[in-house]
Amino acid sequence: MARSGSISYNPGVIDKTYPPQSVEPRWTEAWKKAGISRAQAVGDPRNRFVIVIPPPNVTGALHIGHALNNTLQDLLIRWHRLHGRETCWVPGTDHGGIATQNVMEKQLKAQGKTRHQIGRAEFLDLMQTWTRDCKKTILGQLERLGCLLDMGREAFTMDEVRARSVHHAFRRFWDEGLIERGERMVNWCVRCGTALSDIEVEYEDRKGKLWHIRYPVAGEPGKFLVVATTRPETLLGDTSVAVNPSDTRYGSLIGKKLLLPLRKGMPNEQIPVVADAHVDASFGTGAVKVTPAHDPNDFDIWQRHKSEMAGPISVIAFDGKMSPSAGEAYAGLSREKARDKIVADLQAQELLEKIDEHPHSVGVCYRCQQPIEPLVSQQWFMRMGPLAAKALEASEKGAFKLHPDNWEAPYRNWLKNIRDWCLSRQIWWGHRIPVWYCVRCHGKNLRASMPAAQEGAGQDASISSWLEQGLSLRDIETRARQIRVELSGSAVRSASVRVQAERPAKPCPDCGASDWLQDPDVLDTWFSSALWPLSVFGWPEKTQDFSFFYPTNVLVTGYEILYLWVARMQMMGLHFDGRAPFSDCVINGIVRDKRGKKMSKSLGNVVDPLLLMDKHGTDAFRFSLVSQAHPGRDIPYSEDSIKGPRNFANKVWNSTRFVLMNLPEKPTVYSLKDLDRSKLELSDRWILSEYESLCRRVEEAMAEQEFAVAADHVYAFLWDKFCDWYVELAKPRLEVMAGKEEDTEDSRAARTVLVGVLGGTLKLLHPVMPFITEELWQSLKPYSGETADLLLRSGAPKPEGFHDPEAEARMVFIMDAVKALRALRSQLNVPPGLKIRAHHAVQNPAEERLLIEHSSYLRRLARVEELCAASGRPAQSATAAVGAVTFYVPLAGVIDLEVERKRLVKEVDRLSEEVRQCEGRLSDPVFTGRAPESEVEKLRLRRREAAAEHAALTDTLTHLEA
RNA sequence: GGGCAGUUAGCUCAGCGGUAGAGCACCUCCCUUACAAGGAGGGGGUCGCAGGUUCGAACCCUGCACUGCCCACCA
């Protein structure tokens with residue numbers, strides 16, 4: 001094969017097997033050089049096709065799920081570019097918030113360090129370096145996959161342009177009153193040390209227990225109220241026990257006080273019994289301990305009964321250990337140890353009535369899988385209702401569609417029940433919240449909390465005291481572990497709090513000081529992701545890119561981030577721009593391992609896509625993914641599934657090799673456009689007809705996002721029709737050309753069809769297998785008459801006027817005859833080299849003519865030496881029947897009559913069953929009366945053919961036995 | 001608790017109202033001048049279970065059973 005990348009080509013030296021390793025890098029290079037992936041923001045915007053990549057987190061190398069996701073996008077991009085559209089696929093990566101920070105923390109831990117030890121500034125430096133390397137790896141992998149990403153438009157969720165988008169959005173939401181700060185119950189990940197939004201909590205069913213604990217009634221010794229709980233460690237923070245108001249068992253206790261166990265001599269020693277309709281009397285004992293600081297439901301109960309009970313008492317701290325409020329006996333213990341101790345202590349006091357097994361779902365962090373602790377804390381929140389309403393409207397009026405559409409209902413349902421979004425994260429890696437506090441006004445409320453376990457001394461240090469010690473703000477920020485900002489109510493909107501990206505230049509309007517400290521929290525990584533389709537084009541700047549490429553067309557992603565990401569992009573896009581950021585979302589499934597398990601590093605079942613590409617070629621790998629990519633369905637992936645596609649690549653390679661070997665050395669154009677249709681024979685007309693319907697079917701499948709179906713159509717056409725039949729029938733027409741320069745009319749027709757159909761099929765296959773198809777299409781160029789420099793610039797195949805049902809029907813007849821004769825040969829063990837004679841007995845003159853006209857086909861495909869009309873049954877012959885045609889094949893000396901007899905008996909049995917079935921249905925007047933005539937006619941034909949075959953074979957069988 | 005998928009050949013999955021299909025695996029034969037990563041032939045399925053609609057059901061409807069996923073304030 002030509003290694004230079006030029007199109008000069010010597011048909012004689014093409015490799016016998018497809019060598020992906022030498023082909024792929026050349027085209028990666030050529031595509032890059034030609035700028036095929038570069039999009040111009042000019043022209044008719046209706047003729048553009050735009051995708052923004054779901055930016056992979058910079059957490060490491062890409063996995064097979066990314067390979068699937070990006071292959072599908074590349075497939076779409078290539079398909080639309082082939083159709084002449086201005087395609088733009090924006091590449092990029094996501095800083096990845098907690099996930100990425102965790103990766104770095106793990107690396108530090110391996111060196112025996114923590115991020116707190118090295119400080120915020122140094123930590124962020126490390127993150128930047130890591131990110132740079134990671135981006136390079138990721139983009140390199142995508143290029144290796146063949147992805148036509150517009151690299152000039154690469155974006156990162158935390159680069160300068162995207163930061164401007166984030167700040168602008170935050171400010172707009174703030175001005176619109178959608179963003180607020182407040183103290184609420186949030187999901188706290190103790191391990192990651194941060195709050196999470198509701199949808200970042202995953203629920204796992206875990207084995208648990210239900211502890212039944214006796215709460216003594218105050219002043220009535222010996223009397224208890226028994227509550228059932230799954231979390232005894234929160235008992236010390238109970239501020240009431242709730243029962244259902246209509247629960248007759250407890251009516252008399254409502255309003256009375258209980259003695260909170262293990263709380264003797266401490267604040268909140270006595271707690272009231274309150275009545276709340278939300279309590280399910282049938283669960284447990286019907287009495288619920290209420291811990292407003294550590295359970296969202298209990299928090300709500302407190303909200304409803306503020307006058308009757310004490311507020312939240314936080315007994316579990318942000319580090320997951322019991323706080324001083326839990327009392328000396330428990331403070332400092334981990335949640336787990338505290339539980340054990342509390343249960344033991346209750347037991348010792350005979351306050352534990354019983355323990356039941358109780359499986360229940362536990363919320364865990366989606367990044368580290370550790371149980372979530374519901375805690376009350378000050379966080380930034382965003383009101384989502386107004387945005388969700390717009391997204392819902394867009395969905396309902398069809399401005400935004402999900403594929404497959406069974407995701408529509410859950411999507412809308414989620415929007416309808418949207419909750420406020422907790423935006424702030426107590427980590428370092430992310431967009432710093434663009435809010436500044438005047439230190440003089442708020443210093444006492446800006447506290448650097450030192451988790452006891454890390455620092456030894458568990459005292460909080462206020463920023464103002466550090467300032468008094470002469471520490472600079474920068475030092476303070478570096479030194480602080482977690483600065484907690486405790487502001488409430490109107491203070492948040494006072495002049496001493498500025499919402500802006502840069503440090504305020506002017507002094508505080510309230511006090512005149514100029515010491516501003518930025519909010520230490522960062523934004524949820526999904527906040528910048530939500531702006532992605534806007535920010536990649538420079539929004540809010542009115543860039544040329546934005547006006548031309550926004551809104552985009554399709555988003556391809558997995559259902560696991562439908563709410564986390566897709567819905568939020570819709571909401572943001574609709575809110576800021578009024579248009580849906582993309583009109584369609586194609587949902588790909590999750591790639592699992594062969595047993596259907598999710599791939600994960602800890603399970604050790606991850607498959608490295610690069611390894612597969614190295615081993616079997618990128619095209620085969622892509623095909624194996626696409627062929628299993630039915631919308632929304634998960635893919636159990638095993639390396640075995642790449643073998644078929646690998647073989648297919650080789651088949652494609654060799655079919656082109658065959659065609660090239662049979663073309664003249666001198667470049668000569670064989671174009672379907674110049675085809676003289678009067679010179680076509682049956683096989684030509686048949687394959688052209690099939691080719692036209694292939695193109696149509698692939699177009700349809702692509703329009704329906706049925707990529708696997710499209711790939712399957714090309715596969716089946718190329719292999720089962722083009723190679724198995726058409727090429728075989730073209731061989732004799734080309735063999736006669738050996739050594740001759742000038743074409744005959746017939747060889748010209750054959751070569752034209754071969755070059756035209758193969759060339760077009762390569763184009764259809766290109767989006768799935770870009771490398772091999774480019775290589776082969778280029779090698780055909782001296783003959784195809786194509787002038788474009790690259791396949792993608794050559795236009796989609798549009799065969800017209802080849803549809804020919806008659807040719808298809810005739811060809812099917814010939815193929816059936818060939819198959820019958822082949823089966824006969826094989827089953828009678830006729831040596832493959834042995835040519836046979838076939839005598840045919842035909843009732844229908846048209847069929848006879850067809851056979852005679854195409855006897856060369858039978859000769860070639862069934863290795864029939866001579867085909868002649870039968871005059872009776874030759875002795876020592878085998879019989880094959882195809883509809884109304886019977887073949888007798890004399891096989892004196894070769895045939896084993898016993899084998900033939902058995903073969904015929906089997907066939908006859910099959911046919912009589914067939915005839916019986918047909919007749920059964922045809923004799924049913926209800927069927928013939930009600931079924932459509934076409935169906936009845938089909939069945940009659942079936943019966944006729946089966947009966948004819950049956951008669952022919954039975955006849956032979958009787959003679960054989962006689 | 002609510003919802004959505006899936007259940008078809010040994011394996012992975014198409015088909016979704018008119019004779020049960022593909023790939024891989026298996027058996028037989030063949031290195032026939034494109035391809036042994038190939039060719040020809042073959043075996044293998046009461047289409048999860050039970051009802052119903054229909055002339056006709058793998059396909060539509062209703063239950064049920066498993067499996068997976070999503071949602072939900074099940075102490």
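Within every chain, numbering begins at 1; the chains are lettered A, B, ... in the order of the sequence lines, protein sequences first and strands thereafter. The analysis underlying the following values was restricted to heavy atoms, covering all of them including side chains, and did not include hydrogens, waters or symmetry mates. From a predicted model like this one, the values you see are computed outputs, not experimental measurements.
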>> If you assign A:Ala287 and A:Asp924 each to the RNA chain B nucleotide with the nearest heavy atom, which residue ends up on the more 5' nucleotide?
In response: A:Asp924
>> Nearest heavy atom decides the nucleotide; on that basis, is A:Ser826 or A:Asn654 closer to the 5' end of RNA chain B?
In response: A:Asn654
Touch class at under 4.0 angstrom, heavy-atom based, for [X] against every strand present:
| X | result |
| --- | --- |
| A:Asp640 | nothing |
| A:Ser655 | base |
| A:Pro410 | nothing |
| A:Cys918 | nothing |
| A:Trp211 | nothing |
| A:Val227 | nothing |
| A:Pro932 | base |
| A:Gln917 | nothing |
| A:Gly286 | base |
| A:Phe722 | nothing |

With a 4.0 Å cutoff (strictly under), does any side-chain N or O of [X] reach OP1 or OP2 of [N]?
| X | N | answer |
| --- | --- | --- |
| A:Lys731 | B:A34 | yes |
| A:Asn647 | B:G38 | yes |
| A:Lys289 | B:A75 | no |
| A:Arg419 | B:A72 | yes |
| A:Arg633 | B:A14 | yes |
| A:Gln827 | B:G42 | yes |
| A:Trp725 | B:G39 | no |

>> Check A:Glu353 with A:Arg214, please: is the shortest side-chain N to carboxylate O separation under 4.0 Å?
In response: yes
Determine the interatomic distance between [atom1] on [N] and the same-named atom on [M]; round to the nearest Å.
| N | M | atom1 | value |
| --- | --- | --- | --- |
| B:C30 | B:U19 | P | 37 Å |
| B:A75 | B:G3 | C1' | 24 Å |
| B:A58 | B:G1 | C1' | 32 Å |
| B:G10 | B:G45 | P | 8 Å |
| B:G52 | B:A57 | P | 12 Å |
| B:A34 | B:A25 | C1' | 27 Å |
| B:C71 | B:G39 | P | 46 Å |
| B:U7 | B:C60 | P | 11 Å |

What nucleotide among [options] has an atom nearest to a side-chain atom of [X]?
| X | options | answer |
| --- | --- | --- |
| A:Val279 | B:A75, B:G38, B:C74 | B:A75 |
| A:Lys16 | B:C35, B:A25, B:A75 | B:C35 |
| A:His360 | B:A40, B:A34, B:A75 | B:A75 |
| A:Lys906 | B:G42, B:C70, B:A34 | B:G42 |
| A:Glu728 | B:A34, B:C29, B:G39 | B:A34 |
| A:Asp280 | B:G18, B:C70, B:A75 | B:A75 |
| A:Lys651 | B:C30, B:A72, B:G39 | B:G39 |
| A:Ser361 | B:C74, B:G18, B:U12 | B:C74 |
| A:His358 | B:A75, B:G39, B:A34 | B:A75 |
| A:Arg942 | B:A75, B:U19, B:C35 | B:U19 |

> Is the count of non-hydrogen atoms from other residues, nucleotides or ligands lying under 6.0 Å from A:Lys902 atom NZ greater than 12?
Replying inline: no
> Which string of ( ) [ ] | and . matches RNA chain B, if you list each base 5' to 3' and count Watson-Crick or G-U pairs only when both distances are under 3.5 Å?
Replying inline: ((((((((.[[[[.)..(..]]]].(((((.......))))).....[[[[[..)....]]]]])))))))....
Within-4.5 Å side-chain heavy-atom neighbours: [X] and [Y]:
| X | Y | answer |
| --- | --- | --- |
| A:Arg943 | A:Gln917 | no |
| A:Ile316 | A:Thr234 | yes |
| A:Glu639 | A:Lys615 | yes |

Mind calculating the distance between [atom1] ([X]) and [atom2] ([N]) to the nearest angstrom?
| X | N | atom1 | atom2 | result |
| --- | --- | --- | --- | --- |
| A:Leu660 | B:A34 | CG | P | 13 Å |
| A:Phe283 | B:A72 | CZ | P | 19 Å |
| A:Asp205 | B:G1 | CG | C1' | 12 Å |
| A:Phe648 | B:C24 | CZ | P | 12 Å |

>> Looking at A:Phe299, is its backbone amide N or carbonyl O close enough to the side chain of A:Gln303 to form a donor-acceptor pair, meaning the two atoms are under 3.5 Å apart?
In response: no
> Do the ring planes of A:Phe648 and A:Trp719 sit parallel (below 30°), tilted (30 to 60°) or perpendicular (above 60°)?
Replying inline: parallel
> Do the rings of A:Phe623 and A:Tyr715 sit parallel, tilted or perpendicular, given the 30° and 60° boundaries?
Replying inline: tilted
> With ring centroids as reference points, do A:His616 and A:Tyr18 lie under 6.0 angstrom apart?
Replying inline: no
>> Before you tell me yes or no, could you show the steps for A:Asp276 and A:Arg304 under salt bridge (charged side-chain N to carboxylate O under 4.0 Å, His left out), namely the whole-Å CA-CA distance, both residues' side-chain angles and the distance that decides it to 0.1 Å?
In response: CA-CA 8 Å; A:Asp276 193 282; A:Arg304 290 193 287 268; 2.9 Å; yes
> Can you find a donor-acceptor pair, distance only, under 3.5 Å between A:Arg822 side chain and B:A40 base?
Replying inline: no
>> Give me the atom names and distance for the closest heavy-atom approach of A:Val626 to A:Ala711.
In response: CG1-CB, 4.1 Å
